[in-house]
Amino acid sequence: MDKLWAGRTAGTTANLVDEINSSIAVDRRLYKRDIAGSIAHAKMMAKQGIIGQREAEAIISGLKGIEEDITSGKLAIDPTAEDIHMFVEKVLTDRIGDTGKMLHTARSRNDQVALDTKMYCIEEIDSIDYLIDQLLKVLADKAEKNLEVIMPGYTHMQHAQPVSFAQHLMAYAMMFDRDKSRLVDCKKRMIERSPIGACALAGTTFDIDREYEASLLGFTGIAMNSMDAVSDRDHFVELMSALAIIMMHTSRLSEEIIMWATSEFGFVQLPDEYTTGSSIMPQKKNPDVAELCRGKTGRVYGNLMSILTTLKGMPLAYNKDIQEDKEPLFDSVETVKLCIEAFIEIVDVMEVNEKNMYESARKGYINATDLADYLVVKGMPFRDAYNVSGKIVSYCLGRGCALEDLPVEEYKQFSDLIEEDIHQRLDLRTCVEKRNSAGGTSPSSVMKQIEYIRTIID
Ligand code: ARG
């Protein structure tokens with residue numbers, strides 16, 4: 001295949017070289033950013049007198065036509081092209097003639113690809129941020145509907161203390177809130193440093209205006225060192241770490257939903273449209289969506305390792321190794337978007353089985369801390385109260401009853417401080433309502449969390 005870069009060599013490469021060298025199958029997704037970058041480059045060169053105004057206009061309208069035609073399907077991206085940058089330049093030259101050949105003045109594919117991918121990261125952060133907002137909205141709405149729904153709160157997967165289902169859901173909202181701030185944080189660093197104008201690695205002999213070109217593309221500043229600019233992929237690592245953390249969060253929620261939907265738990269049920277069947281077991285209703293989100297987490301973690309490993313030990317400046325950066329990035333971005341979209345729906349449609357949650361919370365002496373707290377309020381030091389409460393739990397275990405069902409006379413054997421009000425105090429609803437400390441599980445405390453989350457949704 002003949003190349004635009006024919007010169008030193010004849011530009012005719014072996015098929016195997018074409019196959020390994022080509023990135024068009026992956027970077028074709030960047031065509032809009034590539035064209036936007038080229039339009040800004042042409043404008044900057046015209047402003048600086050590097051090319052004429054008429055030439056810039058021809059280049060810009062040619063580029064706009066290419067974008068329209070790719071988008072409408074009129075122009076197919078050539079799968080045998082080396083990469084998207086070469087493809088666009090070649091079509092431009094085919095369409096407008098020799099003027100098209102001026103576009104690549106004071107530029108290199110090295111700063112071009114750094115620019116295109118940075119623009120991709122910035123735009124995708126915005127769309128992921130928007131999706132997280134939708135997820136936060138459904139989590140907050142679902143929580144508000146379940147403020148009074150009691151379930152067992154676990155530590156070590158053992159019944160620990162009663163919580164509301166709302167509190168459990170809002171814990172995930174807080175995770176996604178942090179995810180949002182991680183995205184915003186790394187986007188800020190991306191926007192501040194446009195790589196374009198670094199050229200191949202050392203800058204250029206032409207009188208370019210990098211700040212102007214950067215500002216046309218929405219950047220607030222430029223990368224300060226040309227060698228760093230073309231080889232820097234820190235933002236890939238930052239974004240892919242943030243995405244891996246998002247997947248870690250969705251994976252934790254997946255695990256809970258899968259567990260809650262089992263016959264053992266029976267806490268939630270997914271509508272039929274959100275489950276799948278088995279090819280052999282007629283009774284099956286499987287939570288595949290949650291399982292897949294849990295499973296895809298491994299790939300997104302792998303993508304992070306992939307980019308870190310590609311960059312490890314890479315000398316300055318551009319090396320072809322970096323071409324391998326895009327596949328894992330695109331995969332992580334697309335996977336995260338799909339999983340968040342899935343969760344927006346799953347959280348919304350998930351049916352909550354309040355009765356089963358409550359029945360489960362009644363088991364396991366989940367209000368034993370409340371019994372100790374009761375004794376403390378009546379004047380007993382906490383460590384003693386803890387001990388008495390433990391003995392009562394042990395007594396109830398032998399007797400086969402719950403703490404809230406033990407008659408007051410029997411309580412009296414353990415402490416005179418225990419009175420008629422004990423049953424009311426140990427009612428699971430009281431236990432939840434009384435945990436009114438900031439961040440606690442009481443309805444009013446959870447409502448504050450819901451209000452906070454609603455304020456951060458853009
Ligand atoms: N396709 C290349 C990449 O993705 C573009 C840059 C190529 N630069 C070069 N000097 N061959 O990294």
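Note that the numbering runs from 1 along the sequence shown for the chain. Whatever order the structure lists ligands and atoms in, that order sets their numbers, starting from 1. As the structure is a computational prediction, the values presented were derived from the model and not from experiment.
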(request) Please say which of R189, K118, R182, K187 ends up in a salt bridge (Lys or Arg N to Asp or Glu O under 4.0 Å) with E238. (result) R189
Tabulate below the donor-acceptor pairs under 3.5 Å that side-chain atoms of residues 169-176 make, not counting sequence neighbours, or state none.
from: Y172; atom 1: OH; to: R252; atom 2: O; distance (Å): 3.4
from: Y172; atom 1: OH; to: E256; atom 2: OE2; distance (Å): 2.6

(message) Can you see whether F206 has R107 sitting over its ring - NZ or CZ less than 6.0 Å from the centre and within 45° of the normal?
(response) no
Would you mind writing out the side-chain donor-acceptor pairs for residues 214-223 within the sub-3.5 Å range, not counting sequence neighbours?
from: S215; atom 1: OG; to: Y212; atom 2: O; distance (Å): 2.8
from: T220; atom 1: OG1; to: I191; atom 2: O; distance (Å): 3.4

(request) Can you tell me which residue pairs pass the ring-ring contact (aromatic ring centres under 6.0 Å, His included) test with a partner in residues 23-59, sequence neighbours excluded? (result) none
(request) For ligand 1, would you mind listing the residues that have at least one heavy atom less than 4.0 Å away, ordered by chain and number? (result) S23, D27, D83, H85, R109, N110, V113, Y318, K320, Q323, K326
(request) Using a cut-off of 6.0 Å, state whether more than 12 heavy atoms not belonging to K312 lie near its atom NZ. (result) no
